[in-house]
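One structure is given below, encoded as structure tokens.
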Amino acid sequence: MTGFGRADGAGHGWAWSVEARSVNGRNLEVRLRAPSGFDDLERLTKAAGQARFARGQVSLTVQARPEAGAVTVGVDSAALDRYLTLARQLVEAGAAPPTADGLLALRGVISADDAGPDAATQEALQAAIAGAVETALDALQASRRHEGTQLLPVLTGLIDRIEALVADAGREAAAQIEAVRERFTRRMAELAPDAPGLEERVFLEAAALAAKADVREELDRLAAHVDSARLLLTTPPAGRKLDFLMQEFMREANTLCSKSATVPLTAVGLDLKAAVEQLREQVQNVE
């Protein structure tokens with residue numbers, strides 16, 4: 001959801017520029033920084049942002065200034081004379097003579113007619129800048145869409161990776177049941193080799209352990225989440241839905257790891273959690 005857009009313009013004796021930026025955000029937030037006198041732009045900006053975006057922090061900065069020649073600049077002779085009188089006294093006391101640029105830089109020597117535009121010009125100027133805001137937001141939207149185009153293969157690749165790991169987990173889970181049974185049988189034979197009814201007891205206990213280690217439901221839900229993620233990528237805006245789906249992915253991956261009774265299945269579960277976390281980070285860029 002990051003991007004940048006800019007629009008410049010001039011007219012009515014003024015020049016202006018509008019810059020629009022966005023960063024990731026769970027919800028949509030539109031902010032405007034503009035010079036005083038352009039208060040109506042905030043309402044227009046928020047409406048324009050909400051019409052284009054669903055998520056992200058969108059910031060717009062408006063700069064407006066009179067064009068060269070539109071402001072009358074003059075020298076305040078009275079103020080300059082006062083500074084010169086004081087300068088002569090300092091020179092007589094041994095100070096260096098003042099320079100022209102130094103005198104002109106003194107406060108009050110240069111005067112400028114910057115009272116601002118009249119009411120009619122202000123209204124026309126605000127309407128023109130509002131158009132520049134729309135243009136900058138359009139450019140920002142195009143920038144975000146370009147980023148989305150670049151991001152789509154990354155998201156698709158991570159979903160493919162998760163799908164492959166779910167398949168690996170399914171194969172390891174199929175072998176896990178027999179591994180649990182063999183481990184329990186061996187352990188019972190070591191502890192009580194002559195206990196009556198050992199075979200039946202081993203069968204019952206091994207069946208109970210196998211039921212606890214059954215991860216078929218988790219694998220089925222993970223496979224369904226993979227299908228949902230692929231569907232959401234084709235039906236934007238999907239950022240918030242993908243955020244929720246990432247929580248479900250991680251919940252199933254955690255349960256898979258907690259039910260694992262073999263080292264290979266645990267390793268697959270950890271790889272799965274890492275892939276889900278990578279996908280979650282990239283989903284923050286999805287509108």
| Leu44 and Val133, any side-chain heavy atoms less than 4.5 Å apart | no
| query | Do Val58 and Arg31 come within less than 4.5 Å of each other through their side chains, counting heavy atoms only? | reply | no
| field | Pairwise side-chain contact, Leu86 with Arg82, heavy-atom cut-off 4.5 Å (strictly under) | value | no
| Looking only at atom types and distance, does a side-chain atom of Glu147 sit under 3.5 Å from a main-chain N or O of Thr2, one as donor and one as acceptor? | yes
| said: Looking only at side-chain N and O atoms, does Gln57 offer a donor or acceptor that is under 3.5 Å from a partner on Asn27? | reply: no
| request: Please examine the side chains of Leu84 and Arg88, heavy atoms only from C-beta on, and report whether any two atoms are closer than 4.5 Å. | output: yes
| query | Among side-chain atoms of Arg144 and Ser22, is any donor-acceptor pair under 3.5 angstrom? | reply | yes
| Does any non-hydrogen side-chain atom of Gln284 lie less than 4.5 Å from one of Asp243? | yes
| message | Treating Tyr83 as the side-chain partner and Arg107 as the backbone partner, does any N or O pair qualify as donor plus acceptor under 3.5 Å? | response | yes
| task | Determine the minimum heavy-atom distance between Val91 and Ala96, stating which atoms define it. | result | CG2-O, 4.0 Å
| request: Please check if the side chain of Ser260 supplies one atom and the backbone of Thr266 the other of a donor-acceptor pair under 3.5 Å. | output: yes
| request: Give a yes or no on whether a salt bridge exists between Arg6 and Asp8, defined as a side-chain N under 4.0 angstrom from a carboxylate O. | output: yes
| What closest approach, in Å, do Ala48 and Leu137 show between heavy atoms, and which atom pair accounts for it? | CB-CD1, 3.5 Å
| query | Quick check: are there more than 12 heavy atoms from other residues, nucleotides or ligands sitting under 6.0 Å from CD of Glu277? | reply | yes
| request: Return yes when atom CD of Glu281 has more than 12 non-hydrogen atoms of other residues, nucleotides or ligands closer than 6.0 Å, and no otherwise. | output: yes
| task | Using atom types as modelled and distance alone, determine if a side-chain donor or acceptor of Thr156 lies under 3.5 Å from a backbone N or O of Pro153. | result | no
| said: Does any part of the side chain of Leu32, heavy atoms only, come nearer than 4.5 Å to the side chain of Phe38, both counted from C-beta? | reply: no
| Under 3.5 Å, is there a donor-acceptor pair linking the side chains of Glu172 and Thr262? | no
| query | When rounded to the nearest 0.5 angstrom, what distance separates CD in Glu123 from NE2 in His12? | reply | 10.5 Å
| request: Please examine the side chains of Leu279 and Leu242, heavy atoms only from C-beta on, and report whether any two atoms are closer than 4.5 Å. | output: no
| Is a salt bridge present between Arg55 and Glu287, judged by a nitrogen-to-oxygen distance below 4.0 Å? | no
| So, Arg221 and Glu248, do they make that salt bridge, N to O below 4.0 Å? | no
| query | What heavy-atom pair brings Ala238 and Leu232 nearest, and what distance separates the two atoms? | reply | CB-O, 3.4 Å
| More than 12 heavy atoms of other groups within 6.0 Å of Arg230 CZ | yes
| message | Looking at Glu19 and Arg21, is any side-chain nitrogen of the basic one under 4.0 Å from a carboxylate oxygen of the acidic one? | response | yes
